[in-house]
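Okay, so here's the structure we're looking at.
Residue numbers start from 1 in every chain, and the chains themselves are labelled A, B, ... in the order their sequence lines are given, proteins ahead of strands. None of these values were measured; they are calculated from a predicted model.
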Amino acid sequence: MPDVLHILTEKLTRAIHAALGDQHAHTDPQIRPSNNPKFGDYQANFAMGLAKKLGQKPRDLAQQVVEKIDLENVCDKATVAGPGFINLHLGADFLNEQAAAALADTDRLGVAPAQPKQRVVVDYSGPNVAKEMHVGHLRSTVIGDCIARVLEFQGHDVKRQNHLGDWGTQFGMLIEHMLDCGADPRQTSFEVSDLNALYQDAKKKFDAAPAFADRARKRVVLLQGRDVDTGNLWAQLQSESYRHFRDVYRRMNVLLTEDDVRGESFYNDKLPTVLEGLQKAGLLQDSQGAQVVFPAGFKNRDGDPQAMIVQKSDGGYLYATTDLAAARYRIDELHADRIVYVTDARQSQHFAMIFATLRQAHWASDRVRLDHVPFGTVLGKDNKPFKTRQGGTVKLIDLLDEAEKRAATVIDQKNPDLSADQRDAIAHAVGIGALKYADLSNDRIKDYVFDWDRMLAFDGNTAPYLQNAYVRIRSIFRKGGVDSSTLDHGAISVRDPAERALAVKLLQLPAVIDAVADSLEPHRLCTYLYELASAFHQFYEHCPVLIAPDESTRDSRLALCELTARTLQRGLDLLGIQVIEQM
RNA sequence: GCGCCCGUAGCUCAAUUGGAUAGAGCAUCUGACUACGAAUCAGAAGGUUGGAGGUUCGAUUCCUCCCGGGCGCACCA
């Protein structure tokens with residue numbers, strides 16, 4: 001089912017063709033939603049630019065095209081305005097039909113499956129084994145999960161990848177410490193109640209006890225040498241760490257599972273091949289004993305070509321090597337058409353160099369799209385990176401606890417009649433939703449200031465505001481005793497300006513999904529949902545539903561409510577946020 | 001030193017990728033609950049988009065320079 005934007009684009013493209021001839025058969029009419037109702041619902045912006053090229057007057061050109069537009073069944077009118085804009089006013093019948101079709105399309109709400117379907121790898125979250133997740137993992141986890149959900153909803157074949165930090169010299173000391181704590185290589189489970197303590201204790205011993213440090217270094221060699229007992233201990237640490245990640249992901253409503261784990265260790269045996277490949281491609285060079293590549297277009301602080309080290313002078317590999325190996329795996333084995341990396345903005349240059357190297361080595365052809373999705377820092381009220389009052393790292397689990405606690409307090413104030421169980425369930429959805437929404441609703445490239453009061457506010461662009469709009473709609477159905485599954489889809493008939501505005505906004509969902517999938521900017525979806533909820537609240541004020549003047553109006557408004565509820569629910573779901581029936 | 005990112009109303013943020021009069025929320029002020037959740041709505045006020053040039057029919061958006069802030073620039077990830 002083509003959406004409004006596509007229908008209008010098609011109509012205007014035809015009109016341009018008809019007015020100007022075959023050489024303009026594929027001119028983009030530049031259809032955009034109008035930002036002011038007096039300019040219609042949509043506008044075509046092509047005329048000014050095209051007139052310039054053709055040496056004509058923009059308004060004359062626009063008028064020629066307007067005369068060729070087939071308005072039938074779509075627009076009430078199309079008019080030339082201003083310097084040469086074409087304002088398009090959608091017809092009520094068209095809005096009714098489109099809204100009815102979206103309502104009938106239960107799962108997709110009028111969002112057409114993406115063509116062609118692509119295999120998309122989304123790399124996000126990436127915490128470190130043997131450490132608790134902290135605030136530094138929040139943004140990658142939340143943004144990445146949203147992007148994966150959106151691409152999947154479009155119909156793409158999404159492969160989530162959790163690139164865990166599960167390899168490196170620190171595992172020697174961790175494993176030695178595990179042994180000191182009574183771990184047994186021949187058992188399958190080693191329980192850790194506090195991952196951070198495990199790491200810190202190991203580190204303390206490593207720094208203080210030379211004998212222990214010596215054992216740790218030997219243990220690293222054993223680990224890299226595939227010693228069986230050492231491998232078993234390492235695996236126990238893996239699964240114990242993953243237990244923690246799983247708990248955090250579940251509470252956050254993040255879709256990552258153990259199946260998505262492809263940590264650094266997974267690529268360990270593929271690293272020599274990366275070097276051989278670079279050698280074969282003629283890109284590998286020796287520099288002060290290290291093996292490096294010089295991706296085109298990068299300079300260092302002396303103005304010389306910037307090297308990217310892929311093998312240290314002691315023979316060890318670095319994260320550039322692992323990232324190259326991972327990209328090759330994703331392209332060759334996972335058959336990725338597109339790879340999305342969700343990491344903070346500080347790694348922009350690193351990924352630019354990785355991408356350049358992949359292209360130069362012909363490991364990534366032009367048809368593989370490589371996207372780095374950079375994001376800014378979470379700041380405290382002092383505008384510096386978010387820390388605890390003592391200056392320490394903020395644990396993610398503490399953030400989740402406090403989000404729910406604060407949400408519970410707010411819910412208690414607003415709705416004291418709820419049972420404790422109801423209250424807790426609602427506080428979970430609201431608290432976690434607020435936390436995630438605060439992260440998703442800002443342009444991701446910018447830093448943002450973490451502020452509990454603002455994210456949990458029930459007004460403004462927040463998760464609780466959106467969840468509340470949904471709750472209000474459910475409340476209408478409850479109060480009216482109406483079963484939303486038995487609604488007449490064809491009942492929608494917009495008359496009041498508020499009904500009309502709501503319908504126009506509802507029908508913009510497909511275009512918004514497309515924009516998010518292309519730009520990988522979740523805040524666009526947030527902005528849309530906020531505008532939708534605002535449009536609903538205006539409708540709600542001006543258009544009584546249950547006590548509408550007549551039955552057909554009531555049915556129409558109920559159907560609009562239902563479509564709004566489903567759109568909010570779906571939109572929030574794509575953000576990884578849950579709705580509740582009451583709050 | 002070079003490179004990347006950011007700078008929009010008092011505060012927190014948008015601006016459909018170059019389109020019309022730069023929009024929201026908070027805070028301030030004025031209205032609206034004997035109609036479905038006032039957890040809302042209607043309205044007022046608030047701007048030299050850090051500054052100066054340039055490109056363009058049109059610039060918050062693109063280019064150059066400058067000023068502020070953040071982050072990168074080889075053996076950590």
Side-chain angles (χ1 to χ4, degrees), chain A residues 5 30-36 38-39 43 45 48-49 51-52 57-58 81-85 87 126 128 165 168-170 264 287-292 298-303 306-314 316-320 322-323 343-350 352 374 376-377 379 383-385 410 413-415 441-443 445-449 451 453-454 457-462 464-465 467-469 471-473 475-480 508 511-512 515 518-519 521 523-524 526-528 530-531 534 537-538 540-548 557 561 582-583:
Chain A
L5 189 62
Q30 299 178 37
I31 308 291
R32 307 280 183 271
S34 300
N35 53 20
N36 187 326
K38 78 178 178 189
F39 298 136
Q43 60 188 49
N45 295 343
M48 287 77 75
K52 182 81 176 172
K57 290 181 182 169
F85 297 104
N87 294 339
N128 297 312
T169 52
Q170 72 272 26
E264 290 167 351
S287 171
Q288 299 169 38
Q291 299 302 304
V292 306
F298 298 89
K299 287 185 179 168
N300 67 13
R301 63 180 71 205
D302 299 321
Q306 169 79 49
M308 185 171 74
I309 300 184
V310 290
Q311 187 173 33
K312 298 192 282 185
S313 49
D314 69 2
Y317 300 105
L318 292 104
Y319 75 135
T322 309
D323 279 335
T343 78
D344 74 279
R346 287 175 302 194
Q347 296 189 48
S348 292
Q349 180 172 287
H350 166 69
T377 310
L379 305 176
N383 272 347
K384 287 190 215 148
V410 177
Q413 281 169 1
K414 309 253 187 195
N415 197 348
S441 58
N442 289 326
D443 188 357
I445 197 63
K446 299 178 182 173
D447 299 343
Y448 76 94
V449 177
D451 183 341
D453 292 334
R454 207 169 53 246
F458 281 66
D459 39 31
N461 189 11
T462 66
Y465 177 83
Q467 288 168 319
N468 179 242
V471 163
R472 279 193 159 189
I473 296 171
S475 173
I476 291 172
F477 282 92
R478 264 200 310 278
K479 186 130 188 171
Q508 287 172 358
V512 171
D518 184 50
S519 67
E521 291 173 344
H523 80 281
R524 291 167 180 256
C526 297
T527 302
Y528 168 74
Y530 178 58
E531 288 169 356
S534 299
H537 276 130
Q538 287 164 41
Y540 180 87
E541 287 292 324
H542 295 112
C543 305
V545 178
L546 294 175
I547 45 166
R557 289 176 180 173
C561 284
Q582 54 177 330
M583 63 194 288

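Between A/Tyr465 and B/C41 there is a side-chain N or O to OP1 or OP2 distance below 4.0 Å. Of the side-chain N and O atoms in A/Asn35, one or more sit less than 4.0 angstrom from OP1 or OP2 of B/A20. Between A/Lys446 and B/A14 there is a side-chain polar atom (N or O) within less than 4.0 angstrom of OP1 or OP2.
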Please produce a list of atom pairs where a protein N or O lies less than 3.5 Å from an N or O of nucleotides 25-30 of chain B.
from: B/C26; atom 1: OP1; to: A/Asp459; atom 2: OD2; distance (Å): 3.4

Protein and nucleotides 71-74 of chain B: nitrogen or oxygen contacts under 3.5 angstrom:
from: B/C73; atom 1: O2'; to: A/Gln306; atom 2: OE1; distance (Å): 2.5
from: B/A74; atom 1: N6; to: A/Ser287; atom 2: OG; distance (Å): 3.4
from: B/A74; atom 1: N6; to: A/Gln288; atom 2: NE2; distance (Å): 3.1
from: B/A74; atom 1: N1; to: A/Ser287; atom 2: OG; distance (Å): 2.6

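For A/Met48, the listed nucleotide lying nearest its side chain is B/G19; candidates were B/C36, B/G19, B/U17.
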Dot-bracket for RNA chain B, 5' to 3', with Watson-Crick and G-U pairs under 3.5 Å, [ ] for crossing pairs and | for other-strand pairs: what is it? (((((((..((((.....[...)))).(((((.......))))).....(((((..]....))))))))))))....
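Regarding the sugar-base torsion, B/C33 falls in the syn class, its angle being within 90° of 0.
By the 5.5 Å and 30° criteria, A/Phe85 is stacked with the base of B/A20.
Legend: residues meeting salt bridge (charged side-chain N to carboxylate O under 4.0 Å, His left out) with A/Arg524, ordered by chain and number and at least two apart, are A/Glu521. Residues that satisfy the side chain to side chain donor-acceptor pair (under 3.5 Å) test with A/Arg32, not counting sequence neighbours, are absent from this structure. For A/Tyr319, the ring-ring contact (aromatic ring centres under 6.0 Å, His included) partners two or more places apart in sequence, or in a different chain, are A/His350.
Among the heavy atoms of the strands lying under 4.0 Å from A/Asn87 is at least one base atom, whether or not backbone atoms are also near.
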